[in-house]
Protein chains: 2
Amino acid sequence: MEPDATLAFASHDHATCRETALAQAEAVARAQGLRLTPVRRRTLEILLEAHKALGAYDVLDRLAEEGFARQPPVAYRALDFLVEHGLAHRIRRLNAFAACLHPGEEHMPAFLICAECHALAEAPGVAVAEALQAAAASVGFDIERMNIEAVGLCPACRDSAA
Amino acid sequence: MEPDATLAFASHDHATCRETALAQAEAVARAQGLRLTPVRRRTLEILLEAHKALGAYDVLDRLAEEGFARQPPVAYRALDFLVEHGLAHRIRRLNAFAACLHPGEEHMPAFLICAECHALAEAPGVAVAEALQAAAASVGFDIERMNIEAVGLCPACRDSAA
DNA sequence: ATGAATATGTTATATCGTAACAAGTCAAGG
DNA sequence: CCTTGACTTGTTACGATATAACATATTCAT
């Protein structure tokens with residue numbers, strides 16, 4: 001756990017995208033009448049501050065440092081809530097969670113995970129999702145949720161490998 | 001674990017597809033000089049016989065019934081070998097493994113998981129994979145492997161829900 | 001105020017996966 | 001043959017991830 005990686009490949013102002021995402025998340029919560037309680041809000045902030053995928057126990061450690069109980073359900077409940085409402089994503093390949101950078105916006109993220117530096121990017125996956133919907137429809141399957149994840153080399157690591 | 005589900009939605013002759021897949025797997029092993037040792041072969045057969053996704057410990061239990069040691073590495077090593085060489089797939093959403101039904105054939109499976117009956121289907125995902133490749137390429141990411149998984153309702157469960 | 005729904009605290013345990021090292025097997029070259 | 005190196009398997013021990021279950025507290029609508 002704890003790779004030192006940026007969440008997106010292109011360099012950008014983390015502070016800004018963090019604040020933007022948090023503001024968007026708050027807007028979503030207000031609009032949908034969600035209760036963004038202290039643990040939940042803090043959990044989201046932790047994910048945004050880390051700016052990478054964190055395991056539930058990493059989140060739990062950070063929560064514990066701030067006075068919340070160090071019990072797995074504390075972290076899992078908050079994380080599950082965020083995922084359920086589209087404020088965070090679960091990355092199955094990593095058994096980890098990452099804040100959603102575009103909460104409320106229509107988007108089906110495809111996750112790109114760098115095998116080398118563990119950077120994680122949320123790529124626009126609408127076209128991918130449509131292709132998958134079509135494939136499912138052709139066999140009569142009705143999709144509710146999907147995970148699209150890829151492992152490979154991010155631009156920086158690909159270049160340094162060459 | 002242990003849902004009673006078919007691997008594909010359309011009814012078909014399980015015995016035939018099992019034998020076909022096993023024969024294909026053996027051909028792949030011969031062609032690539034892989035050592036399909038007893039544990040490995042038996043593990044593949046177990047997955048094929050189950051005809052659904054099995055957790056590593058389910059596989060381990062079955063192996064143990066046949067005289068292999070009941071130690072996690074026994075199952076994980078065999079399963080990892082099969083996955084590595086394309087004879088089985090790992091379904092991350094289920095923390096489970098399923099035999100590949102088309103070993104050796106060019107195919108990027110997209111997995112469709114029924115939330116109701118836990119049936120699992122391997123849908124043709126070439127179009128999906130291409131869309132994902134394109135999305136990745138647009139940000140300079142080089143894909144090595146990918147997981148495409150969807151949860152929803154299979155035809156039978158969708159109909160009975162209506 | 002009060003009951004229903006929701007959220008949190010807490011204990012315990014289930015489930016999934018791997019590190020590390022010893023021992024055995026097997027095939028190819030000397 | 002027989003040795004040597006690569007691969008495979010046996011075995012112990014543990015680490016990492018996740019959830020069940022129940023008690024308590026808070027919040028919301030009426």
Side-chain angles (χ1 to χ4, degrees), chain A residues 1-3 29-30 32-44 46-47 53-85 87-98 118 147 149 151, chain B residues 1-3 29-30 32-44 46-47 50 53-85 87-98 115 118 147 149 151:
Chain A
M1 236 357 87
E2 299 292 329
R30 260 194 312 277
Q32 302 188 9
L34 305 179
R35 294 169 62 183
L36 204 52
T37 60
V39 219
R40 292 169 177 175
R41 192 197 156 92
R42 197 65 202 98
T43 299
L44 179 56
I46 286 167
L47 290 178
L54 291 182
Y57 282 72
D58 291 329
V59 171
L60 182 56
D61 286 346
R62 286 168 161 76
L63 287 171
E65 285 168 5
E66 305 182 23
F68 295 98
R70 191 186 296 267
Q71 262 108 34
V74 170
Y76 280 102
R77 284 201 281 238
L79 290 165
D80 288 346
F81 172 89
L82 296 173
V83 170
E84 176 115 10
H85 295 94
L87 305 181
H89 298 292
R90 185 167 197 159
I91 318 296
R92 317 269 348 179
R93 273 200 89 100
L94 301 176
N95 291 328
F97 300 83
H118 304 114
N147 297 96
E149 302 174 7
V151 175
Chain B
M1 233 1 82
E2 300 295 325
R30 261 194 310 280
Q32 303 188 9
L34 305 178
R35 293 171 59 183
L36 205 54
T37 60
V39 218
R40 291 168 177 175
R41 192 196 153 92
R42 198 66 201 98
T43 299
L44 179 56
I46 286 168
L47 290 179
L54 291 182
Y57 282 73
D58 291 328
V59 171
L60 182 55
D61 286 346
R62 287 167 160 78
L63 287 173
E65 287 168 4
E66 304 182 24
F68 295 97
R70 191 188 295 270
Q71 262 109 30
V74 171
Y76 279 102
R77 284 200 281 236
L79 290 165
D80 288 346
F81 172 89
L82 296 174
V83 170
E84 177 116 6
H85 296 95
L87 305 181
H89 298 292
R90 184 166 195 159
I91 316 297
R92 319 263 353 173
R93 273 201 87 103
L94 301 176
N95 291 329
F97 300 82
H118 304 116
N147 296 100
E149 303 174 7
V151 175

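Please read all numbers here as calculations on a predicted model, not as lab measurements. Per chain, numbering begins at 1; letters A, B, ... match sequence-line order.
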So, Arg42(B) side chain and Leu63(B) main chain: donor-acceptor pair closer than 3.5 Å or not? no

Distance in angstrom units between Glu84(B) CD and dC7(D) C1', rounded: 14 Å

How would you list all residue pairs meeting side chain to side chain donor-acceptor pair (under 3.5 Å) that involve residues 70-85 of chain A, not counting sequence neighbours? Asp61(A)-Arg70(A)

Glu149(B) side chain to Arg92(B) main-chain N or O, any donor-acceptor pair under 3.5 Å? yes

Run the salt bridge (charged side-chain N to carboxylate O under 4.0 Å, His left out) test against Arg41(B) and tell me which residues pass, sequence neighbours left out. Glu26(B), Glu45(B)

Check: Tyr57(A) side chain, dA18(D) base, donor-acceptor under 3.5 Å: yes

Rounded to the nearest angstrom, tell me the gap between atom CG in Leu34(B) and atom P in dC26(C). 17 Å

Can you find a heavy atom in the side chain of Ile46(B) that is under 4.5 Å from one in the side chain of Asp58(B)? no

Any chance you could list the contact pattern along nucleotides 23-30 of chain D? Use B for base contacts, S for sugar-phosphate-only contacts and - for none, protein heavy atoms under 4.0 Å, 5' to 3'. ----S---

Consider only side-chain N and O atoms of Asn147(B) and Arg93(A), and report whether a donor and an acceptor are under 3.5 Å apart. yes

Show your reasoning for whether side-chain contact (heavy atoms from CB on, under 4.5 Å) applies to Leu47(B) and Leu79(B). CA-CA 10 Å; Leu47(B) 290 179; Leu79(B) 290 165; 3.9 Å; yes

The helix from dA1(C)-dT30(D) to dG30(C)-dC1(D): angle between end helix axes, five pairs per end, rounded to 10 degrees: 30°

dC16(C) OP1/OP2 closer than 4.0 Å to side-chain N/O of Asn95(A): no

Tell me, please, which residues at least two apart from Gln32(B) pass side chain to side chain donor-acceptor pair (under 3.5 Å). none

How is Arg92(A) classified with respect to the nucleic acid when contacts are heavy atoms under 4.0 Å: base, sugar-phosphate, or nothing? nothing

When you measure from the side chain of Arg40(B), which nucleotide among dG17(C), dT8(D), dT8(C) comes out closest? dT8(D)

For Leu94(B) and dT17(D), what is the distance between atoms CG and P respectively, to the nearest whole Å? 19 Å

Check Leu94(A) against Ala53(A) and note the closest heavy-atom contact, atom names and distance. CD1-CB, 4.1 Å

Neighbours of DNA chain C within residues 67-76 of chain B, by heavy-atom distance under 4.0 Å: Pro72(B), Pro73(B), Tyr76(B)

For Glu65(A), enumerate each residue passing the side chain to side chain donor-acceptor pair (under 3.5 Å) test, keeping only those at least two apart in sequence or located in another chain. none

